[in-house]
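First comes the structure, then the notes that go with it.
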Amino acid sequence: MPHNPPPMALDPDSLARLQQADPSLAKVLLLASSRTPFAWRIVEVARTIEKQREYFQAGRSKVNPDAYPDKNDLYRAAKHITGPGMPTSRAADVAIVGADPYHVPTLAYLAGVIRSCSVELGIPIRWGGDFDQDGKLLEPGTFHDLPHFERI
């Protein structure tokens, strides 16, 4: 009889970070954590405008906060940023627990689990390995942010 490893629960730090997330995004990620046979964690949810600027300047994000004089437009564009009128983040970044936290095949597997949970719950989620949502993963010439999941 095949052995199915038990699902892995999110660690306490991940659960604490999820408190900063949109409740529907948190619901999807919690369900996904109960359905994955490997450990993963939430590494970032909410971020400041200053941190967003740092990530943009380093090429880790496509959203330049300085391009949005109206902060409400910035909050709509940058899913991680929270502030007045935007109390929770609509994005979360994850990592695999172990020696290779950003192992591409494992992140793609996790993205499939998260996507299936989002469909089951009726909560639309977008993954950073398929931002245009055409089902073609990791397309050459497109921006890849594989740890990133966002509520749309």
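Here, residue 1 is the first one in the sequence, and each next residue gets the next number.
With sequence neighbours left out, the ring-ring contact (aromatic ring centres under 6.0 Å, His included) criterion links Tyr102 to no other residue.
The hydrophobic clustering, which links ILVMFWY residues whose side-chain heavy atoms are closer than 4.5 Å, places Leu137 and Ile152 apart. Leu31 is connected to Phe38 through a chain of hydrophobic side-chain contacts under 4.5 Å among Ile, Leu, Val, Met, Phe, Trp and Tyr, so both are in one cluster. Ile96 and Leu30 fall within a single hydrophobic cluster, where Ile, Leu, Val, Met, Phe, Trp and Tyr side chains are chained together by heavy-atom contacts under 4.5 Å.
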Enumerate donor-acceptor pairs with a distance under 3.5 Å from any side-chain N or O in residues 107-129 to protein atoms, sequence neighbours excluded.
{"from": "Ser116", "atom 1": "OG", "to": "Gly112", "atom 2": "O", "distance (Å)": "3.4"}
{"from": "Ser116", "atom 1": "OG", "to": "Val113", "atom 2": "O", "distance (Å)": "2.9"}
{"from": "Ser118", "atom 1": "OG", "to": "Arg115", "atom 2": "O", "distance (Å)": "2.8"}
{"from": "Glu120", "atom 1": "OE1", "to": "Arg35", "atom 2": "NH1", "distance (Å)": "2.6"}
{"from": "Glu120", "atom 1": "OE1", "to": "Arg35", "atom 2": "NH2", "distance (Å)": "3.3"}
{"from": "Glu120", "atom 1": "OE2", "to": "Arg35", "atom 2": "NH2", "distance (Å)": "3.2"}
{"from": "Arg126", "atom 1": "NE", "to": "Glu150", "atom 2": "OE2", "distance (Å)": "2.8"}
{"from": "Arg126", "atom 1": "NH1", "to": "Phe131", "atom 2": "O", "distance (Å)": "3.2"}
{"from": "Arg126", "atom 1": "NH2", "to": "Glu150", "atom 2": "OE2", "distance (Å)": "2.6"}
{"from": "Trp127", "atom 1": "NE1", "to": "Leu146", "atom 2": "O", "distance (Å)": "2.7"}

Quick one: side chains of residues 19-26, donor-acceptor pairs under 3.5 Å with protein atoms, not counting sequence neighbours, listed by atom name and distance.
{"from": "Asp22", "atom 1": "OD1", "to": "Ser24", "atom 2": "N", "distance (Å)": "2.9"}
{"from": "Asp22", "atom 1": "OD1", "to": "Ser24", "atom 2": "OG", "distance (Å)": "2.3"}
{"from": "Asp22", "atom 1": "OD1", "to": "Leu25", "atom 2": "N", "distance (Å)": "3.1"}
{"from": "Ser24", "atom 1": "OG", "to": "Arg151", "atom 2": "NE", "distance (Å)": "2.7"}

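Interatomic distance, CG of Leu29 versus CD1 of Ile42, reported as 5.0 Å (0.5 Å rounding).
Val45 approaches Ala92 most closely through the heavy-atom pair CG2-CB, 4.2 Å. Heavy atoms only, all atoms of each residue included: Asp66 and Asn64 are closest at N-OD1, 2.9 Å. Across all their heavy atoms, Ala95 and Val43 have their closest contact at CB-CG1, 3.7 Å. Taking both residues in full, the closest heavy atoms of Ile81 and Thr48 are given as CG1-O, 4.3 Å, listed atom of the first, atom of the second, then distance. Across all non-hydrogen atoms, the minimal contact from Glu44 to Arg17 is N-CD, 4.2 Å. When all heavy atoms are compared, the tightest approach of Glu139 to His144 is O-NE2, 3.0 Å.
Annotation: Lys71, atom NZ; neighbour count of heavy atoms from other residues, nucleotides and ligands within 6.0 Å is above 12.
The list of ring-ring contact (aromatic ring centres under 6.0 Å, His included) pairs with a residue in residues 46-69, not counting sequence neighbours, is empty. Under the ring-ring contact (aromatic ring centres under 6.0 Å, His included) criterion, the residue pairs touching residues 71-100 are His80-His148, with sequence neighbours excluded.
The backbone N or O of Lys79 lies less than 3.5 Å from a partner atom in the side chain of Ser89, making a donor-acceptor pair.
Counting Ile, Leu, Val, Met, Phe, Trp and Tyr side chains that sit under 4.5 Å apart, directly or through other members, Val97 stands alone, with no cluster partners.
Between Asp93 and Arg60, none of the side-chain N atoms (NZ, or NE/NH1/NH2) sits under 4.0 Å from a carboxylate O, so this pair counts as no salt bridge. Salt bridge Arg41/Asp13: absent, no basic N to carboxylate O contact under 4.0 Å.
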